[in-house]
Amino acid sequence: MNFDKICILGLGYIGLPTASTFASKGVKVLGVDVDAQVVETLRSGKLHIHEPGLREMYKSALESGNFSLSTEPQAADAFLIAVPTPFYDDRTGDYQGRSFKLADMRAVSSAAEAIVPFLRKGNLVVLESTSPPRTTVELVAPILARSGLKPGRDFFLAYSPERVLPGRILRELIENARVIGGITPASAQAGADLYAMFVKGEIVQTDATTAEMVKLMENTYRDINIAIANEFSRLADRFGVDIWEAVSLANRHPRVKILSPGPGVGGHCISVDPWFFVESAPELSPLISTARRVNDAQPHYVVELIKRALCGSDFPQAALKGKRIAALGLAYKPDVDDLRESPAIDVVRLLGQEGAQVKAWEPFKPDARLQDIEMAASLEDALQAAELVVLLVAHSEFLTIKPIELASRTGARVVMDAVNGWKSAEWQDAGFRVVRLGVGTKH
Ligand code: SAJ
């Protein structure tokens, strides 16, 4: 199948790199976003997101004349839906007294509805957004059928999960293996033809529901493995063991690969996707929901450690009241500007709720406006009056901070390292007391 024009709905972390990549291959691309501000920003040649290499790639796509922008779709050979599928903030499900989060699929429904007037015989529609199992057949296909065309007979319909790692999106988009699940084999083939335009990794065809489940399994697998690492960190703390040393020793076993503990699991993928299984079949997913709860509880554990760092093991009820804390990093993981579902933000908010005066410094988003969070104007500003410095994200620029230099810029003499980013000995030599996540007090 040939594709001269592609319409991509959703110009976020996945849609924009994908659209730019197609345009760079000489295809006419119409990028669509419902947010007029995003379209305006992009039209002026600027980006609303940060991803290494994207600025240059987007600029050349725009200059080539292949990339145009709109808030509404137009007729095309293929339509690609890459809109967010977050969960509801204000609605939850319940199974045997335990609540679980519910996927908000409104953006997918609206995108499919927006395509209906432009859908023609022989078109291909691909859903990329991470979705609960059976979304393609049970939500998207019926909406598209309102066009009068029959999915799978008159047009092709497929689900293809994106699997790229934020921070390495442009490379992984091309190099990773791609799963394409069609509602019919011919739909899978049409999807494979589309992605073959730039994907160098293997392209594997399957059915739509399998492809949806594969995506959720990948991220759930990772979430559960991080949950056990986080639980190990608490056990290590109890038993006076250094978790980082213990993990590296356990990982010398040829069939063991324990991930890293940290302040919790964030981002719009791993902390969200496992709930899609729980929502779809809570009675079949007790392990998955427990792992989610373990990871969601990790910011509370970090706060406990901060109290201990400031006041010792028998900390009083109001241990944090009036304490001045510098929080380094708010992003959900190192070297990205993405703050979605970030556990670092949870830690800062929890500290604030307990009366601490926290100043947060996020070098990738210094002007972020977040409810109940005071942003520092610079690292200097965050440190100035602090009593304790907490490292919440292992951004490269934080890891190269020299303790001896920092000592002269802050009155703080206690540091709490939640990500194993700093070498304790160097900090101790510079006069700091160091508390690390997962390192027992007996150690
Ligand atoms: N994290 C840990 N310990 C670890 C690894 C990660 O605490 O050992 C934390 C991170 O700090 C972060 C969260 O987990 O808060 C998730 O980060 P990540 O780097 O594991 O993954 P994401 O969310 O950036 O991207 C994931 C990837 N999925 C897998 O690796 C299975 C990516 O390939 C997917 O495309 C992406 O989700 C997605 O969009 O679904």
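Predicted, not measured: the structure shown is a model, and the values here were computed from it. One-based numbering, in listed order, for ligands and for the atoms of each.
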(request) Return the protein residues near ligand 1 (heavy atom under 4.0 Å from any of its atoms), ordered by chain and residue number. (result) Glu162, Arg163, Val164, Leu165, Pro166, Lys215, Glu218, Asn219, Arg222, Ile226, Leu259, Ser260, Gly264, Val265, Gly266, Cys269, Ile270, Asp273, Tyr332, Lys333
(request) Using the test ring-ring contact (aromatic ring centres under 6.0 Å, His included), find all partners of Phe198 that sit at least two apart in sequence or belong to another chain. (result) Phe22
(request) Using only heavy-atom distances, determine whether the side chains of Asp223 and Asn295 contain a donor-acceptor pair under 3.5 Å. (result) yes
(request) Could I get the full list of ring-ring contact (aromatic ring centres under 6.0 Å, His included) partners for Phe67, not counting sequence neighbours? (result) Tyr58
(request) Report yes or no: do Asn251 and Ser248 form a side-chain donor-acceptor pair below 3.5 Å? (result) no
(message) Please identify which of these residues, Val435, Val414, Ile306, Val303, meets the side chain to side chain contact (heavy atoms under 4.5 Å, CB included) condition with Val390.
(response) Ile306
(request) Return each pair, listed once, that meets ring-ring contact (aromatic ring centres under 6.0 Å, His included) where at least one residue sits in residues 209-234; pairs must be two or more places apart or across chains. (result) none
